[in-house]
Chemist: 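I'd like to ask you about the structure that follows.
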Amino acid sequence: MLMHVTAQTFTHTLTVYLKDSNAYGNTYFARYFEWQGICREKWFFECISRDMLQKEGVFITKHAEQDYLQETFPFQEISCELNVYNVKKCSFWLEFRFSVDGKPVSVGRQQIVFACHDRKIKALPPAVIELIQRYVK
């Protein structure tokens, strides 16, 4: 009998503050890249490895992008949902979906590569791939 495993989605909530906005009150686009990093690090820490696999190697962001769909403003709560796709032996992609009150405001992606401390690409540990696979959507 085949069992269907439902993908998990990691969610982190952020608040937009005045420091995150310009004179017109809309959020700086660069903040979304910063928030990608915050969400990614929290996901690694809480769901993959509390020590970020520092003994085995390093995670390198090979590619990052962000598509903006709607403006956001100070004091709005932004929900960031993270899922994984295209998991390979040494790399995987993260997708970040930002929303306010359930309405999409931005979508971003990052390609993450695992490497030795000397920055030579290496295979992700099998146990880590298994943890990452839980978030494939």
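Since we're looking at a predicted model, the values are computed, not measured.
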Chemist: Are W93 and F44 linked, directly or through intermediate hydrophobic residues, by side-chain heavy-atom contacts shorter than 4.5 Å (ILVMFWY only)?
Modeler: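 No, because F44 and W93 fall into different hydrophobic clusters, even though each may have its own neighbours under 4.5 Å.
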Chemist: Looking at V84 and V87, what are the two nearest heavy atoms and their distance?
Modeler: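 Distance-wise, the nearest heavy atoms are CG1-CG2, 3.5 Å.
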Chemist: Any sub-3.5 Å donor-acceptor pair from D118's side-chain atoms to K120's backbone N or O?
Modeler: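 Yes; at least one donor-acceptor contact below 3.5 Å.
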Chemist: Looking at R31 and S21, would you say the former's side chain and the latter's main chain have a donor-acceptor pair under 3.5 Å?
Modeler: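 Absent.
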Chemist: Would a 4.5 Å heavy-atom cut-off, applied to side chains only, mark T61 and F33 as touching?
Modeler: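 The answer is no, as the side chains (C-beta and beyond) never meet within the 4.5 Å cut-off.
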Chemist: Taking all atoms of both residues into account, what is the closest heavy-atom pair of I129 and K88, and its distance?
Modeler: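 So the two residues come closest at CD1-O, 4.1 Å.
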Chemist: N83 vs R97, test: side-chain contact (heavy atoms from CB on, under 4.5 Å). Steps then yes/no.
Modeler: CA-CA 9 Å; N83 282 101; R97 295 176 308 282; 2.6 Å; yes
Chemist: To the nearest 0.5 Å, tell me how far E130 CD sits from I48 CD1.
Modeler: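 One finds 10.5 Å between CD of E130 and CD1 of I48.
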Chemist: Verify the neighbour count for atom OH of Y17: are there more than 12 heavy atoms of other residues, nucleotides or ligands below 6.0 Å?
Modeler: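 No, OH of Y17 has 12 or fewer neighbouring heavy atoms, counting only those of other groups under 6.0 Å.
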Chemist: Measuring from atom CG of N26 to atom CZ of F73, what distance do you get when rounded to the nearest 0.5 angstrom?
Modeler: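 The distance works out to 5.5 Å.
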Chemist: Main chain of T27, side chain of N22: is a donor-acceptor contact present, judged purely on distance under 3.5 Å?
Modeler: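 Checking the backbone N and O of T27 against the side chain of N22, no donor-acceptor pair under 3.5 Å is found.
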Chemist: From F92 CZ over to I132 CD1, what is the distance, rounded to the nearest 0.5 angstrom?
Modeler: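 That separation rounds to 4.0 Å.
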Chemist: Restricting to non-hydrogen atoms, name the atom on K19 and the atom on Y28 that form the minimum distance, rounded to 0.1 Å.
Modeler: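 Taking K19 first and Y28 second, the nearest heavy atoms are O-CE1, 3.7 Å.
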Chemist: Which residue is it: W43, F10, F96? I am looking for the one with a ring pair (Phe, Tyr, Trp, His ring centres under 6.0 Å) to Y135.
Modeler: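 Exactly one candidate clears the test, W43.
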Chemist: If I take atom CG from residue L124 and atom CD from residue E56, how far apart are they, to the nearest 0.5 angstrom?
Modeler: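 One gets 10.5 Å once the value is rounded to the nearest 0.5 Å.
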Chemist: Hey, does E46 have a side-chain heavy atom less than 4.5 Å from the side chain of H12?
Modeler: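 A side-chain contact under 4.5 Å is absent here.
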Chemist: Roughly how far, to the nearest 0.5 Å, is the SG atom of C39 from the OH atom of Y32?
Modeler: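 Spacing of OH (Y32) from SG (C39) equals 13.5 Å.
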Chemist: Atom CG in L82, atom CZ in F98: separation rounded to 0.5 Å?
Modeler: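 The CG atom of L82 sits 9.0 Å away from the CZ atom of F98.
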Chemist: CZ of F75: more than 12 outside heavy atoms within 6.0 angstrom?
Modeler: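 Yes, enclosed.
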Chemist: If hydrophobic clusters are built by linking Ile, Leu, Val, Met, Phe, Trp and Tyr wherever their side-chain heavy atoms come under 4.5 Å apart, do I38 and L94 end up in the same one?
Modeler: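 Yes, I38 connects to L94 through the hydrophobic network.
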Chemist: Identify every side-chain donor-acceptor pair in residues 104-111 under 3.5 Å, counting partners at least two apart or on other chains, and give the distances.
Modeler:
residue, atom, partner, partner atom, Å
S106, OG, Q66, NE2, 2.5
S106, OG, D67, O, 2.8
R109, NE, E65, OE2, 2.8
R109, NH2, E65, OE2, 2.7
R109, NH2, D67, OD2, 2.4
Q110, OE1, R40, NH1, 2.8
Q110, NE2, Q36, OE1, 2.6

Chemist: Fit a plane to each ring of F114 and F59, take the angle between them on a 0 to 90° scale, and name the class: parallel (under 30°), tilted (30 to 60°) or perpendicular (over 60°).
Modeler: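 Because their plane-to-plane angle lies in the 30° to 60° range, the rings of F114 and F59 count as tilted.
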Chemist: Which heavy atom of V100 sits nearest to which heavy atom of E77, and what is that distance?
Modeler: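 In terms of heavy atoms, the two residues are closest at CG2-O, 3.7 Å.
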Chemist: Are the side chains of S49 and V128 in touch, meaning some heavy atoms are under 4.5 Å apart?
Modeler: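 The answer is no, as the side chains (C-beta and beyond) never meet within the 4.5 Å cut-off.
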